[in-house]
A.B. asks: 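Dumping the structure here so I can ask a few things about it.
Predicted model, so just to flag it, every value in this text is computed and none were measured.
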Amino acid sequence: MAVALILLLVAIGSVLFHIYSPWWWTPIATNWAYIDHTINITFWITGFVFVAVIAFMAYCVFRFHHKEGRRADYNPENKRLEWWLSVGTGVGVAAMLAPGLVVWHQFVTVPADATEVEVMGQQWQWSFRLPGKDGRLGTSDVRNIAPDNPMGLNRDDAHAQDDVVIENGDLHLQVGKPVKVLLRSVDVLHDFYVPEFRAKMDMVPGMVTYFWITPIRTGTFDVLCAELCGAAHYQMRAKVIVDEEREYHAWLEQQKTFAELSPARAVVKATYQSGGK
């Protein structure tokens, strides 16, 4: 009886802790509430199965505990029970997978009016690139990376000249505007992660991965690296600031383009090549 009660208390306590836990998601700041809904569905299904299994164990412990003279009934097969378990398991798995597949389709289907923003990760800092007045990003290549060209932009591409390059700074986004976030890494695996955005994706050297979001509220949000990337992984921090349209464009006007930064970068490169002399 004591073991059965302990099992029931474990099940009830786990459910109550989940419901009343002070540790929960941060308030969402993008359109990806669908991800929260999908996780909640998974919690409800797995929670129901957890409580059902524990309750069944408690029942068996109490109902079939040892008694003098009682003999166990050996029943190696039960076709009816096997069918019920197979069908129930299949329905449960499908109920968890189906919402995830729907959300994944939305996750990889970028709106046609989304603005592209590039994020580059390297040990241990973030760099950002936004399109200039032409509205599109220029091409880039890791082979172009140099002290005077840290993001590897193609100098011969006219579309790259007005790109806004932000190194070791904050990224600003416009509220209500869809953004396709292009992700690059120049050394090891990184993961650009803003908890309030929900969406994230690994950054793999040699690949350009992406996700998209639509910020739904203004504010300042911490950027973390969600992939262990070396000794200073914990220091790989930045901020994303979501502005109203007017504030966003005012900030954007103050940023320097790749063409404007190139002369200063050339000095840096010359100093670097001369050994700092």
A.B. asks: Test side-chain contact (heavy atoms from CB on, under 4.5 Å) on Leu153 and Arg129 and set out the steps.
C.D. replies: CA-CA 10 Å; Leu153 273 66; Arg129 182 161 63 110; 3.6 Å; yes
A.B. asks: Closest approach of Gly230 and Gln123, non-hydrogen atoms and distance?
C.D. replies: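 Looking at all heavy atoms of both residues, the closest pair is CA-NE2, 4.2 Å.
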A.B. asks: Listed by chain and number, what are the salt bridge (charged side-chain N to carboxylate O under 4.0 Å, His left out) partners of Lys180, not counting sequence neighbours?
C.D. replies: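 Per chain and number, Lys180 pairs via salt bridge (charged side-chain N to carboxylate O under 4.0 Å, His left out) with no residue.
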A.B. asks: Closest heavy-atom contact between Gly121 and Met236?
C.D. replies: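 Closest pair (atom of Gly121, atom of Met236, distance): CA-CE, 4.0 Å.
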A.B. asks: To the nearest 0.5 Å, how far apart are CZ in Phe197 and CD1 in Ile216?
C.D. replies: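 CD1 of Ile216 is found 10.0 Å from CZ of Phe197.
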A.B. asks: Quick one: CG on Leu130 to CG on Leu173, what's the gap to the nearest 0.5 Å?
C.D. replies: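 Spacing of CG (Leu130) from CG (Leu173) equals 7.5 Å.
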A.B. asks: Which atom names give the shortest non-hydrogen contact between Pro99 and Ala94, and what distance separates them?
C.D. replies: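 Nearest heavy atoms, Pro99 then Ala94: CD-O, 4.3 Å.
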A.B. asks: Distance check, rounded to the nearest 0.5 Å: Ser140 atom OG versus Asp163 atom CG?
C.D. replies: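 If we round to the nearest 0.5 Å, Ser140:OG and Asp163:CG are 9.0 Å apart.
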A.B. asks: Roughly how far, to the nearest 0.5 Å, is CD of Glu196 from OG1 of Thr26?
C.D. replies: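 Here the rounded value is 4.0 Å.
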A.B. asks: Taking all heavy atoms of Val175 and all of Arg217, pick out the closest pair and write down the distance.
C.D. replies: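 So the minimum-distance heavy-atom pair works out to CG2-N, 3.7 Å.
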A.B. asks: My understanding is that only residues two or more places apart in sequence, or in another chain, count here; which of them pass salt bridge (charged side-chain N to carboxylate O under 4.0 Å, His left out) with Arg184?
C.D. replies: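 In terms of salt bridge (charged side-chain N to carboxylate O under 4.0 Å, His left out), with neighbours along the sequence ignored, Arg184 is linked to Glu118.
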A.B. asks: Any chance the rings of Trp32 and His37 have centres within less than 6.0 Å?
C.D. replies: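 Distance test on ring centres: not under 6.0 Å, no.
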A.B. asks: On a heavy-atom basis, which atom in Glu260 and which in Lys256 lie closest, and how many Å separate them?
C.D. replies: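 Minimum heavy-atom contact is OE1-CA, 3.2 Å.
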A.B. asks: If you count every heavy atom of other residues, nucleotides or ligands that lies below 6.0 Å from Trp24 atom CH2, does the total exceed 12?
C.D. replies: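 Result for CH2/Trp24: enclosed.
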A.B. asks: Stepwise, does the side-chain contact (heavy atoms from CB on, under 4.5 Å) test hold for Tyr210 with Val110?
C.D. replies: CA-CA 10 Å; Tyr210 72 91; Val110 182; 3.6 Å; yes
A.B. asks: Quick one: does any side-chain atom of Glu116 pair with a main-chain N or O of Pro131 as donor and acceptor, under 3.5 Å?
C.D. replies: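 The answer is no, because no donor-acceptor pair under 3.5 Å joins these two groups.
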A.B. asks: Under the side-chain contact (heavy atoms from CB on, under 4.5 Å) criterion, do Val179 and Thr214 qualify, and how do the steps go?
C.D. replies: CA-CA 6 Å; Val179 178; Thr214 300; over 6 Å; no
A.B. asks: For the hydrophobic clusters of this structure (ILVMFWY residues joined by side-chain heavy atoms under 4.5 Å, transitively), does one cluster hold both Val103 and Val194?
C.D. replies: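 Yes, because Val103 and Val194 connect within a single hydrophobic cluster, where side-chain heavy atoms sit under 4.5 Å apart.
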A.B. asks: Check whether any side-chain heavy atom of Phe192 sits under 4.5 Å from a side-chain heavy atom of Met201, and report yes or no.
C.D. replies: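 Contact flag for Phe192/Met201 side chains = no.
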A.B. asks: Do Phe17 and Val15 belong together in a cluster built from hydrophobic side chains that touch within less than 4.5 Å?
C.D. replies: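 The answer is no; the residues belong to distinct hydrophobic clusters.
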A.B. asks: State, yes or no, whether a side-chain contact exists between Asp222 and Arg237 at a heavy-atom distance under 4.5 Å.
C.D. replies: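 Yes - at least one pair of side-chain heavy atoms lies under 4.5 Å apart.
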A.B. asks: Specify the closest pair of heavy atoms between Leu183 and Val181, including all atoms of both residues, with the distance to one decimal.
C.D. replies: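 For Leu183 versus Val181, the nearest heavy atoms are CD2-CG1, 3.6 Å.
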A.B. asks: Assess whether a salt bridge exists between Asp141 and Arg143, defined as any Lys/Arg side-chain N lying under 4.0 Å from an Asp/Glu carboxylate O.
C.D. replies: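 Answer for the salt bridge query: yes.
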A.B. asks: Can you check whether Lys239 reaches Val223 side chain to side chain, under 4.5 Å on heavy atoms?
C.D. replies: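 Not in contact.
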A.B. asks: Looking at NZ of Lys79 and CH2 of Trp83, how far apart are the two atoms once the value is rounded to the nearest 0.5 Å?
C.D. replies: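 It comes to 9.5 Å.
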A.B. asks: Taking the side chain as every heavy atom from C-beta outward, state whether Trp212 and Asn31 have any atom pair closer than 4.5 Å.
C.D. replies: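 With C-beta onward as the side chain, the pair touches.
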A.B. asks: Kindly indicate whether the side chain of Glu227, heavy atoms from C-beta on, has any atom under 4.5 Å from the side chain of Val188.
C.D. replies: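 The answer is no, as the side chains (C-beta and beyond) never meet within the 4.5 Å cut-off.
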A.B. asks: For Asp243, check salt bridge (charged side-chain N to carboxylate O under 4.0 Å, His left out) against everything at least two apart and list the hits.
C.D. replies: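 Applying salt bridge (charged side-chain N to carboxylate O under 4.0 Å, His left out) to Asp243 gives none.
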A.B. asks: Any ring-ring contact (aromatic ring centres under 6.0 Å, His included) involving residues 137-163? Give me the pairs, sequence neighbours left out, ordered by first then second residue.
C.D. replies: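 As it turns out, there is no ring-ring contact (aromatic ring centres under 6.0 Å, His included) pair with a partner in residues 137-163 once direct neighbours are skipped.
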A.B. asks: Examine Tyr234 together with Trp124 and report whether their ring centres are nearer than 6.0 Å.
C.D. replies: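 No - the distance between ring centres of Tyr234 and Trp124 does not fall below the 6.0 Å cut-off.
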A.B. asks: So with a 6.0 Å cut-off around CZ of Phe62, is the heavy-atom count from everything else above 12?
C.D. replies: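 No, not enclosed.
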A.B. asks: Check whether any side-chain N or O of Asp162 sits under 3.5 Å from a backbone N or O of Asp134 as a donor-acceptor pair, and report yes or no.
C.D. replies: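 Confirmed, Asp162 side chain pairs with Asp134 backbone.
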A.B. asks: Quick one, Val204 and Leu189 - any side-chain contact, counting heavy atoms below 4.5 Å?
C.D. replies: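 Side-chain contact under 4.5 Å: yes.
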A.B. asks: If we only count heavy atoms from C-beta on, is the Met120 to Val165 side-chain gap below 4.5 Å?
C.D. replies: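 Not in contact.
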A.B. asks: When rounded to the nearest 0.5 angstrom, what is the spacing between CD1 in Ile39 and CH2 in Trp25?
C.D. replies: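 Here the interatomic distance stands at 5.0 Å.
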A.B. asks: Using a strict cut-off of less than 4.0 Å between a Lys/Arg side-chain nitrogen and an Asp/Glu carboxylate oxygen, indicate whether Arg136 and Asp157 qualify as a salt bridge.
C.D. replies: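 Answer for the salt bridge query: no.
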A.B. asks: Please confirm whether the backbone N or O of Asp202 pairs with a side-chain atom of Thr209, one donor and one acceptor, at under 3.5 Å?
C.D. replies: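 Yes, Thr209 side chain to Asp202 backbone: donor-acceptor pair under 3.5 Å.
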A.B. asks: Does any part of the side chain of Glu245, heavy atoms only, come nearer than 4.5 Å to the side chain of Lys177, both counted from C-beta?
C.D. replies: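 No, side chains not in contact.
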A.B. asks: I'd like to know whether CZ of Phe107 has more than 12 heavy-atom contacts from other residues, nucleotides or ligands below 6.0 angstrom.
C.D. replies: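 Yes, CZ of Phe107 has more than 12 neighbouring heavy atoms, counting only those of other groups under 6.0 Å.
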A.B. asks: Among residues at least two apart in sequence or on other chains, which ones pass side chain to side chain donor-acceptor pair (under 3.5 Å) with Asn154?
C.D. replies: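 Listed in chain order: Thr139.
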A.B. asks: Please assess Phe43 against Phe50 for the test side-chain contact (heavy atoms from CB on, under 4.5 Å), listing each intermediate value before the final yes or no.
C.D. replies: CA-CA 10 Å; Phe43 277 154; Phe50 172 77; over 6 Å; no
A.B. asks: Quick one: do Val108 and Tyr193 end up in the same hydrophobic cluster if we chain Ile, Leu, Val, Met, Phe, Trp and Tyr together by side-chain heavy atoms under 4.5 Å apart?
C.D. replies: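 No.
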A.B. asks: Would you please name every residue forming a salt bridge (charged side-chain N to carboxylate O under 4.0 Å, His left out) with Asp113, sequence neighbours left out?
C.D. replies: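 Residues passing salt bridge (charged side-chain N to carboxylate O under 4.0 Å, His left out) with Asp113: none at all.
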